[in-house]
Amino acid sequence: MIKSELVLKIAEQNPHLYQRDVENIVNAILDTIADALARGDRVELRGFGAFSVKKRDARTGRNPRTGESVQISQKVVPVFKTGKEMRQRLNTAPKPLKAAAAQ
């Protein structure tokens with residue numbers, strides 16, 4: 001699901017709201033989460049999961065094509081950990097058709 005599909009789904013479930021208002025709300029939520037992560041804060045949505053940032057130290061890597069050493073700088077990456085309710089919901093749900101066809 002992409003952001004526009006999420007907006008459409010929420011707008012369908014809430015016919016009293018205009019689609020442009022739902023889009024503004026979704027954008028506001030995502031922007032707030034991104035701003036909090038940029039500050040180094042943790043964002044927890046009970047029952048869904050928690051977003052946080054993790055620091056990766058600088059290291060020496062290898063260029064796979066040439067094999068030469070390459071310096072990789074320190075960086076901060078976003079991390080998402082699912083909540084207990086979400087894990088339970090995912091593990092009790094029937095397998096989707098895409099995953100079943102791949103097996």
Side-chain angles (χ1 to χ4, degrees):
M1 177 179 285
I2 59 176
K3 186 165 64 169
S4 60
E5 292 172 341
L6 177 64
V7 169
L8 286 174
K9 184 93 168 160
I10 294 171
E12 287 173 5
Q13 293 174 351
N14 297 282
H16 61 283
L17 295 174
Y18 292 111
Q19 184 174 336
R20 69 176 181 270
D21 294 336
V22 172
E23 186 173 358
N24 289 337
I25 292 167
V26 169
N27 286 334
I29 291 169
L30 296 177
D31 289 344
T32 304
I33 291 172
D35 291 343
L37 292 176
R39 289 190 310 268
D41 295 341
R42 183 173 186 266
V43 178
E44 183 176 335
L45 304 172
R46 296 281 168 135
F48 183 73
F51 297 92
S52 60
V53 292
K54 185 176 184 179
K55 182 180 131 188
R56 288 194 183 163
D57 292 329
R59 61 188 172 91
T60 302
R62 292 217 175 270
N63 181 333
R65 185 170 288 176
T66 63
E68 69 181 74
S69 293
V70 178
Q71 287 300 320
I72 301 171
S73 61
Q74 172 183 317
K75 62 179 94 178
V76 178
V77 294
V79 177
F80 177 75
K81 182 176 179 186
T82 58
K84 181 180 176 183
E85 292 175 29
M86 175 65 77
R87 278 193 305 275
Q88 289 174 343
R89 190 172 180 183
L90 291 174
N91 289 316
T92 59
K95 289 188 178 183
L97 294 175
K98 290 180 184 176
Q103 293 179 351

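The analysis underlying the following values was restricted to heavy atoms, covering all of them including side chains, and did not include hydrogens, waters or symmetry mates.
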Checklist entry - At what distance, to the nearest 0.5 angstrom, does CG of Asp21 lie from NE2 of His16? => result 10.0 Å
Next on the checklist: I need the Asn24 CG to Ile29 CD1 distance, nearest 0.5 Å.
Outcome noted: 11.0 Å
Which atom pairs, one a donor and one an acceptor, fall under 3.5 Å between side chains of residues 41-52 and the rest of the protein, sequence neighbours left out?
unit_1	atom_1	unit_2	atom_2	d
Asp41	OD2	Arg39	NE	3.1
Asp41	OD2	Arg39	NH2	3.1
Arg42	NH1	Glu44	OE1	2.9
Glu44	OE2	Arg46	NE	2.8

Checklist entry - Are the side chain of Glu5 and the backbone of Ile2 linked by a donor-acceptor contact shorter than 3.5 Å? => result yes
Checklist entry - Measuring from Ile25:CD1 to Leu30:CG, what's the distance to the nearest 0.5 Å? => result 12.0 Å
Checklist entry - Taking the side chain as C-beta and beyond, is there a heavy-atom pair between Val22 and Asn14 under 4.5 Å? => result no
Checklist entry - Cluster question for you: counting only ILVMFWY and a side-chain heavy-atom cut-off of under 4.5 Å, with indirect links fine, are Ile72 and Val53 together? => result no
Checklist entry - What's the spacing between Glu23 CD and Leu6 CG if we round to 0.5 Å? => result 10.5 Å
Next on the checklist: Less than 4.0 angstrom from a charged side-chain N to a carboxylate O is my criterion; do Lys55 and Asp57 meet it?
Outcome noted: yes
Next on the checklist: Test your reading of the model: is there a side-chain donor-acceptor pair from Arg56 to the backbone of Val77, 3.5 Å cut-off?
Outcome noted: no
Item to check | Asn63 (side chain) donor-acceptor with Arg65 (main chain) under 3.5 angstrom | outcome: yes
Checklist entry - What heavy-atom pair brings Thr60 and Ser69 nearest, and what distance separates the two atoms? => result CG2-CB, 3.9 Å
Next on the checklist: Taking Val26 as the starting point, is it possible to reach Leu8 by hopping between hydrophobic residues whose side chains are less than 4.5 Å apart?
Outcome noted: no
Checklist entry - Can you tell me how far the CZ atom of Arg59 sits from the CD atom of Gln71, to the nearest 0.5 Å? => result 10.5 Å
Checklist entry - Nearest 0.5 Å, what's the CG-OG1 distance between Leu90 and Thr82? => result 7.0 Å
